[in-house]
Undergrad: 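Got a structure for you, questions after.
Sequence positions, counted from 1, serve as the residue numbers for this chain. Computed from a prediction, not measured in an experiment: that's the story for all the values here.
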Amino acid sequence: LLLALAARAEQKAVDQLKTEAEHASADQQGRLYAEIAEKLVAVADKQFTDGESVKGHAIVQEILQYATKAHDLAIETRKKMKETEKSLRECHRRLENMKRTLAAEDRPAVEAVEKQLEKFTEDVLEAMFAPPEKKKDHK
């Protein structure tokens with residue numbers, strides 16, 4: 001009962017974040033999308049735990065969509081990069097932990113998303129420490 005209530009509260013928080021992200025500036029959206037992806041891991045875990053692996057896989061793909069948006073916006077705008085990187089890293093860690101509890105047939109798809117999140121985290125970290133690109137004038 002407590003797990004069901006916690007999952008429902010988590011889904012409410014995700015829905016609120018989605019609404020907030022829709023209306024946020026591009027500077028804030030990257031961080032919000034990363035936070036949504038992070039919170040969706042708990043929702044996916046609940047789906048897999050309840051034996052609803054099809055729904056769980058759908059949520060995992062949604063995690064990838066939001067993580068991709070967060071990655072792209074963080075690198076494009078160069079805003080809230082540290083917060084975005086931290087959320088993506090936490091999302092990756094949670095997916096990795098969740099993967100260990102899954103049935104063997106569910107693991108490959110989750111592992112693919114987990115590896116993509118790891119790459120996103122590395123990309124954002126590299127972009128954080130790389131100097132901003134200068135626009136070159138071709139004359």
Side-chain angles (χ1 to χ4, degrees):
L1 181 63
L2 288 175
L3 286 175
L5 290 175
R8 203 171 295 142
E10 194 73 37
Q11 185 60 48
K12 252 187 192 177
V14 168
D15 292 340
Q16 286 175 335
L17 280 172
K18 286 179 182 179
T19 303
E20 188 178 333
E22 287 174 22
H23 303 305
S25 66
D27 298 8
Q28 298 291 325
Q29 279 181 328
R31 179 189 58 79
L32 290 170
Y33 287 146
E35 197 173 331
I36 290 167
E38 184 182 341
K39 290 190 179 299
L40 281 173
V41 176
V43 177
D45 192 25
K46 173 82 170 99
Q47 297 296 333
F48 284 115
T49 302
D50 291 347
E52 297 179 12
S53 64
V54 173
K55 288 181 180 178
H57 284 295
I59 298 292
V60 169
Q61 289 307 307
E62 192 175 352
I63 291 167
L64 180 59
Q65 290 172 352
Y66 280 104
T68 302
K69 288 179 182 181
H71 165 266
D72 294 348
L73 279 167
I75 291 174
E76 181 183 315
T77 64
R78 298 187 61 81
K79 304 287 185 195
K80 304 290 183 187
M81 293 177 86
K82 183 62 183 169
E83 293 88 349
T84 301
E85 185 272 334
K86 284 172 63 176
S87 286
L88 288 174
R89 185 170 10 102
E90 182 64 20
C91 185
H92 169 257
R93 188 186 65 75
R94 288 181 180 184
L95 263 182
E96 186 176 40
N97 289 340
M98 182 186 81
K99 178 187 73 178
R100 294 181 184 139
T101 66
L102 298 179
E105 63 270 6
D106 292 328
R107 288 182 187 169
V110 174
E111 188 170 354
V113 172
E114 175 205 338
K115 289 198 182 303
Q116 189 64 44
L117 284 174
E118 184 176 26
K119 183 181 178 333
F120 287 167
T121 303
E122 290 170 5
D123 289 350
V124 172
L125 228 106
E126 283 179 24
M128 268 178 17
F129 295 108
E133 293 180 16
K134 304 271 184 188
K135 293 185 181 179
K136 296 179 183 175
D137 292 328
H138 296 300
K139 293 183 180 178

Undergrad: Do Val60 and Phe48 come within less than 4.5 Å of each other through their side chains, counting heavy atoms only?
TA: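 Yes, at least one pair of side-chain atoms sits under 4.5 Å.
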Undergrad: Distance check, rounded to the nearest 0.5 Å: Asp45 atom CG versus Thr101 atom OG1?
TA: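 Rounded to the nearest 0.5 Å, the CG-OG1 separation comes out at 5.0 Å.
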Undergrad: Measuring from atom CE of Met81 to atom CG of Asp123, what distance do you get when rounded to the nearest 0.5 angstrom?
TA: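 Output value for this atom pair is 10.0 Å.
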Undergrad: With the side chain counted from C-beta on, respond yes when Leu88 and Tyr33 share a heavy-atom pair under 4.5 Å apart, and no when they do not.
TA: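 Of all side-chain heavy-atom pairs linking Tyr33 with Leu88, none is under 4.5 Å.
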Undergrad: Would you say Lys82 and Met128 make side-chain contact, with heavy atoms under 4.5 Å?
TA: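 When only atoms from C-beta onward are counted, Met128 and Lys82 do touch, with a gap below 4.5 Å.
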Undergrad: Testing Glu38, Arg31, Lys80 for side-chain hydrogen bond (donor to acceptor under 3.5 Å, both in side chains) with Ser87, which one passes?
TA: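 Among Glu38, Arg31, Lys80, the one that satisfies the side-chain hydrogen bond (donor to acceptor under 3.5 Å, both in side chains) with Ser87 is Glu38.
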Undergrad: Counting only heavy atoms not in Lys115, do more than 12 sit closer than 6.0 Å to its NZ atom?
TA: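 It does not: Lys115 NZ has 12 such atoms or fewer within range.
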Undergrad: Drop me the distance from Arg100's CZ to Leu95's CG, to the nearest 0.5 angstrom.
TA: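 Going from CZ on Arg100 over to CG on Leu95, the span is 11.5 Å.
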Undergrad: Applying ring-ring contact (aromatic ring centres under 6.0 Å, His included), can you list everything that pairs with His92, at least two apart in sequence or on another chain?
TA: none
Undergrad: Could you tell me which residues satisfy salt bridge (Lys or Arg N to Asp or Glu O under 4.0 Å) with Glu83, sequence neighbours excluded, listed by chain and number?
TA: none
Undergrad: Between Ala70 and Ala34, which heavy-atom pair has the shortest distance, and what is it?
TA: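 Shortest heavy-atom separation between Ala70 and Ala34 comes out as CB-N, 3.5 Å.
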Undergrad: Is it true that Glu22 and Lys18 have a side-chain N and a carboxylate O under 4.0 angstrom from each other?
TA: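 No, no charged N to carboxylate O under 4.0 Å.
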Undergrad: Out of curiosity, Lys79 NZ to Ser25 OG, how far, rounded to the nearest 0.5 Å?
TA: 9.5 Å
Undergrad: Between Glu90 and Lys86, does any NZ, NE, NH1 or NH2 come within less than 4.0 Å of an OD or OE carboxylate oxygen?
TA: no
